[in-house]
There are 2 protein chains.
Amino acid sequence: MTDPPAFSESSRSLDENAYQGLAGFRSALRRFLAFSEVAASAAGVTSQQYQAMLAIRVHPDRAIMIKELALQMLLQPNGAVQLVDRLVGAGLAERRQSSTDRRSVLVVMTDKGAALLERLAADHLQELSKHEPLLAESLRRLRSMERSGDAP
Amino acid sequence: MTDPPAFSESSRSLDENAYQGLAGFRSALRRFLAFSEVAASAAGVTSQQYQAMLAIRVHPDRAIMIKELALQMLLQPNGAVQLVDRLVGAGLAERRQSSTDRRSVLVVMTDKGAALLERLAADHLQELSKHEPLLAESLRRLRSMERSGDAP
DNA sequence: CCAATATATGTCATTCGATGACATATATAT
DNA sequence: ATATATATGTCATCGAATGACATATATTGG
């Protein structure tokens with residue numbers, strides 16, 4: 001087998017393969033995220049609300065403080081308040097007073113929310129089986145070209 | 001009025017690991033995407049604009065029709081028009097008339113855009129090396145359960 | 001124990017990008 | 001040559017996030 005000159009210019013500019021790999025990875029991500037939006041939308045929620053329900057579901061006691069939900073969802077606390085408002089408004093979650101700190105609120109899912117989450121989670125699991133090969137392949141390609149950026 | 005079954009019932013009951021896996025994957029995704037927003041923002045653009053430049057960069061001739069950009073970015077054509085407006089406004093891309101079809105517009109990057117993209121791509125490549133293990137691990141965990149529904 | 005400060009949640013105005021509805025220019029087909 | 005399809009563009013509107021601010025409760029230091 002012939003050795004292709006696959007190395008070269010590693011300190012001057014990014015290899016074409018790096019752009020291809022990054023672009024392919026983001027494309028796969030956009031497609032998966034778009035599926036998530038469509039699946040959630042068909043169930044009457046947003047992808048964000050689905051993700052919030054996932055976060056609640058896997059949190060200890062299946063309950064989460066708004067502050068903690070904000071951390072998980074990478075939102076400001078007041079953004080998490082409004083996200084919970086929407087979940088509650090849709091009948092998917094409810095607020096419970098914390099027994100230990102009366103400032104805080106525990107968000108738990110309703111039965112309706114739990115049922116919706118289960119269906120959406122199953123759909124996502126199934127869909128991921130389609131995207132997983134491309135995502136994994138993209139990650140593998142990118143891993144092989146790790147390099148430092150342009151040092152200032 | 002009874003609601004028709006809006007979705008498939010992929011499996012009867014999801015394993016706890018399925019929720020953990022899906023939640024972990026989405027969490028890893030949110031963190032990577034948040035990095036992308038911050039990195040792009042530090043460079044004066046949005047993550048969306050960075051992705052658009054990536055799409056242009058890897059397209060044949062490093063030029064792309066707005067229609068095709070819309071397909072790649074999963075936007076409506078008029079949304080892509082406005083995205084290109086913002087890229088052009090920031091001096092990162094420019095419009096060129098197509099030689100074969102006078103309806104269409106070819107979007108190409110300026111030198112400034114190409115330079116910005118290279119820095120951002122290098123940053124993303126480096127950052128991905130941090131996220132890759134968790135993302136790959138999440139995908140591996142999920143792949144093992146999309147088969148029959150559960151197996152610890 | 002009280003005052004000062006920190007923390008958790010909540011409200012509201014504003015902002016930003018995507019969409020739908022629609023308009024215009026050009027290409028293609030009958 | 002006309003009808004229709006395609007590509008781009010404009011504009012009003014919407015939804016969700018943020019910053020500034022408000023209120024309630026907890027915690028800490030004197």
Side-chain angles (χ1 to χ4, degrees), chain A residues 26 30-31 33-38 40-53 55-56 59 63-90 92-108, chain B residues 26 30-31 33-38 40-41 44-53 55-56 59 63-90 92-108:
Chain A
R26 291 308 281 252
R30 285 193 297 271
R31 283 170 215 288
L33 295 174
F35 156 80
S36 183
E37 295 287 351
V38 169
S41 178
V45 296
T46 64
S47 177
Q48 181 86 314
Q49 290 168 351
Y50 158 68
Q51 291 176 68
M53 287 194 285
I56 296 170
H59 204 259
I64 196 169
M65 279 174 48
I66 289 190
K67 174 75 185 294
E68 176 64 19
L69 182 63
L71 287 175
Q72 295 288 329
M73 298 296 295
L74 306 181
L75 293 174
Q76 299 301 316
N78 54 351
V81 164
Q82 293 172 101
L83 174 55
V84 170
D85 285 345
R86 295 188 291 271
L87 286 172
V88 170
L92 302 171
E94 54 187 40
R95 287 174 159 92
R96 296 238 174 107
Q97 196 182 48
S98 165
S99 53
T100 59
D101 185 337
R102 292 198 307 180
R103 289 171 304 179
S104 62
V105 165
L106 288 176
V107 183
V108 296
Chain B
R26 290 308 280 251
R30 284 194 298 271
R31 282 170 217 288
L33 295 174
F35 157 80
S36 184
E37 295 288 349
V38 169
S41 178
V45 297
T46 64
S47 177
Q48 182 85 315
Q49 289 167 351
Y50 157 68
Q51 291 176 69
M53 287 194 286
I56 296 169
H59 204 260
I64 196 169
M65 280 174 47
I66 289 191
K67 173 76 185 295
E68 176 65 17
L69 181 63
L71 287 175
Q72 295 289 330
M73 298 296 294
L74 305 181
L75 292 175
Q76 298 301 314
N78 53 350
V81 165
Q82 294 171 102
L83 174 54
V84 170
D85 284 345
R86 295 189 290 271
L87 285 173
V88 171
L92 302 170
E94 56 188 37
R95 288 174 159 91
R96 296 236 174 109
Q97 198 182 47
S98 164
S99 54
T100 59
D101 185 337
R102 291 197 309 179
R103 292 170 301 177
S104 61
V105 165
L106 288 177
V107 184
V108 296

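We use all heavy atoms of the structure for the numbers below, so side chains are in, but hydrogens, waters and symmetry mates are not. Everything numeric here is computed off the predicted structure, so don't read it as measured data. Naming convention: chains lettered A, B, ... in sequence-line order (proteins, then strands); numbering from 1 in each chain.
Regarding A:Leu71, its CG atom lies at a distance of 13 Å from the C1' atom of C:dT7, rounded to whole Å. Rounded to a whole Å, the CG atom of A:Leu75 is 13 Å from the P atom of C:dT9. In this entry the distance linking CZ of B:Arg95 with C1' of D:dA7 reads 12 Å, nearest Å.
With a 4.5 Å cut-off on side-chain heavy atoms, A:Leu106 and A:Arg95 do not count as touching.
Side-chain proximity of B:Thr46 to the nucleotides D:dT25, D:dA16, C:dG17 is greatest for C:dG17. Nearest to the side-chain atoms of A:Arg86 among the listed nucleotides D:dT10, D:dA16, C:dT9 stands D:dA16. Taking only side-chain atoms of A:Pro77, from C-beta outward, the nucleotide of D:dG9, C:dT9, D:dA17 with the closest atom is C:dT9. Closest to the side chain of A:Ser104, out of D:dT18, D:dG9, C:dT9, is C:dT9. Candidate nucleotides D:dA12, C:dT9, C:dT26 were compared by shortest atom distance to the side chain of A:Lys67, and C:dT9 ranks first.
B:Gln48 comes within 4.0 angstrom of the backbone, heavy atoms only, and of no base.
Not a single donor-acceptor pair, N or O on each side, falls under 3.5 Å between the base of D:dT8 and the side chain of B:Arg103. Scanning atom types as modelled, no donor and acceptor separated by under 3.5 angstrom connect the side chain of B:Asp85 and the base of D:dG9.
Of the residues listed (B:Asp85, B:Leu92, B:Val84), the one engaging B:Val88 in a side-chain contact (heavy atoms from CB on, under 4.5 Å) is B:Val84, and it is the only one.
Looking at every heavy atom in both residues, B:Ala40 comes nearest to B:Ser47 through CB-N, 3.6 Å.
The residue among B:Asn78 and B:Met65 whose nearest nucleotide of DNA chain D is located toward the 5' end is B:Met65. The residue among A:Thr100 and A:Gln76 whose nearest nucleotide of DNA chain D is located toward the 5' end is A:Gln76.
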Show me the side-chain donor-acceptor pairs of residues 68-81 of chain B shorter than 3.5 Å, one per line, residues at least two apart or across chains.
from, atom 1, to, atom 2, distance (Å)
B:Glu68, OE2, B:Gln72, NE2, 2.9

